[in-house]
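Residues: numbered from 1 along the sequence shown. Model, not experiment: these values are computed from the prediction. In what follows, every heavy atom counts, from backbone to side chain, and hydrogens, waters and symmetry copies are set aside.
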Amino acid sequence: QLQLVESGGGLVQPGGSLRLSCVASGVNVGRDAIGWFRQAPGKEREVISCINSDEFGSKYYADSVTGRFTISKDNAKNTVYLQMNRLKLEDTAVYYCYIGADWGQGTQVTVSS
């Protein structure tokens, strides 16, 4: 049975940090492609970061988050993470994890002073 459960979202001040987690069941984060997406109000869903399912686990970051966000995974815990540092107002969005071909329900991140 497939289930992706995101957590770690919330309210944070500009310059602060959050770590998002996505605990997966029914999929294998050690073998499947992994990604984080976000969708802000009035905007299309956009890719933030991903790890390819190739043997090298190639990582990609959107220009807007490069140097601030880090994607990682723990195969033993079947969990993926998104560490978000130096958050900006424009990072406010609903964040979704994507594993294989499946989506989580999203977690709200709000950056506000």
Side-chain angles (χ1 to χ4, degrees):
Q1 182 178 359
L2 173 68
Q3 186 175 11
L4 307 180
V5 181
E6 298 109 325
S7 63
L11 176 65
V12 64
Q13 294 183 333
S17 298
L18 289 172
R19 189 178 76 163
L20 306 184
S21 300
C22 182
V23 181
S25 60
V27 294
N28 189 332
V29 302
R31 298 178 181 177
D32 295 334
I34 299 165
W36 286 95
F37 292 69
R38 70 185 182 189
Q39 187 167 20
K43 298 183 179 180
E44 295 184 349
R45 188 174 297 184
E46 62 176 337
V47 62
I48 299 303
S49 182
C50 62
I51 303 176
N52 284 347
S53 58
D54 60 36
E55 62 178 322
F56 302 106
S58 303
K59 297 180 180 179
Y60 300 87
Y61 294 94
D63 290 343
S64 59
V65 306
T66 296
R68 300 189 297 119
F69 291 11
T70 304
I71 189 170
S72 63
K73 63 179 181 177
D74 187 327
N75 294 342
K77 297 180 179 179
N78 217 35
T79 302
V80 300
Y81 305 95
L82 184 68
Q83 178 67 46
M84 305 185 295
N85 297 326
R86 292 177 282 140
L87 284 160
K88 303 176 180 179
L89 296 178
E90 54 263 41
D91 294 321
T92 295
V94 178
Y95 285 72
Y96 301 87
C97 66
Y98 181 90
I99 301 176
D102 302 290
W103 297 89
Q105 291 184 312
T107 184
Q108 176 72 47
V109 172
T110 302
V111 184
S112 176
S113 60

For a quick test of reading the model, state the closest non-hydrogen atom pair linking [X] to [Y] and the distance between them.
{"X": "Ser113", "Y": "Pro14", "answer": "N-CD, 3.8 Å"}
{"X": "Ser53", "Y": "Ala33", "answer": "CB-N, 3.6 Å"}
{"X": "Asp102", "Y": "Val27", "answer": "OD2-CG1, 4.0 Å"}
{"X": "Thr66", "Y": "Tyr61", "answer": "OG1-CB, 3.5 Å"}
{"X": "Thr79", "Y": "Lys77", "answer": "OG1-O, 2.9 Å"}
{"X": "Ile99", "Y": "Ala24", "answer": "CD1-CB, 3.7 Å"}

Exercise. Got more than 12 heavy atoms from elsewhere within 6.0 Å of CD, Gln13?
Worked result: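 For Gln13, atom CD is not crowded (no more than 12 foreign heavy atoms under 6.0 Å).
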Check for me, please, whether [X] and [Y] land in the same ILVMFWY cluster - side-chain distances under 4.5 Å, paths through other members count.
{"X": "Val94", "Y": "Val47", "answer": "yes"}
{"X": "Leu89", "Y": "Val12", "answer": "yes"}
{"X": "Ile71", "Y": "Val23", "answer": "no"}
{"X": "Ile48", "Y": "Val109", "answer": "yes"}
{"X": "Phe37", "Y": "Leu4", "answer": "no"}

Exercise. What is the distance from atom OG of Ser7 to atom CZ of Arg19, rounded to the nearest 0.5 Å?
Worked result: 8.5 Å
Exercise. So how far is it from Lys59 NZ to Cys50 SG, rounded to the nearest 0.5 Å?
Worked result: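 One finds 11.0 Å between NZ of Lys59 and SG of Cys50.
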With heavy-atom distances below 4.5 Å as the criterion, would you say the side chains of [X] and [Y] are in contact?
{"X": "Glu6", "Y": "Trp103", "value": "no"}
{"X": "Asn85", "Y": "Gln83", "value": "yes"}
{"X": "Leu82", "Y": "Thr70", "value": "no"}
{"X": "Val80", "Y": "Trp36", "value": "yes"}
{"X": "Thr92", "Y": "Ser112", "value": "no"}

Distance-only, no hydrogens or angles: does the [X] side chain make a donor-acceptor pair with backbone N or O of [Y] under 3.5 Å?
{"X": "Lys73", "Y": "Val29", "value": "yes"}
{"X": "Arg86", "Y": "Gly67", "value": "yes"}
{"X": "Tyr96", "Y": "Tyr98", "value": "no"}

Problem set entry | Those residues that, when tested against Asp91, pass side chain to side chain contact (heavy atoms under 4.5 Å, CB included) (two or more places apart) |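 Side chain to side chain contact (heavy atoms under 4.5 Å, CB included) check on Asp91 returns Arg38, Arg68, Phe69, Leu87, Lys88, Tyr95, Val111.
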For this session: For Ser58, check side chain to side chain contact (heavy atoms under 4.5 Å, CB included) against everything at least two apart and list the hits.
Result: Asn52, Asp54, Phe56, Tyr60
Exercise. Given Asp74 and Tyr81, is the side-chain contact (heavy atoms from CB on, under 4.5 Å) satisfied, shown in steps?
Worked result: CA-CA 8 Å; Asp74 187 327; Tyr81 305 95; 4.0 Å; yes
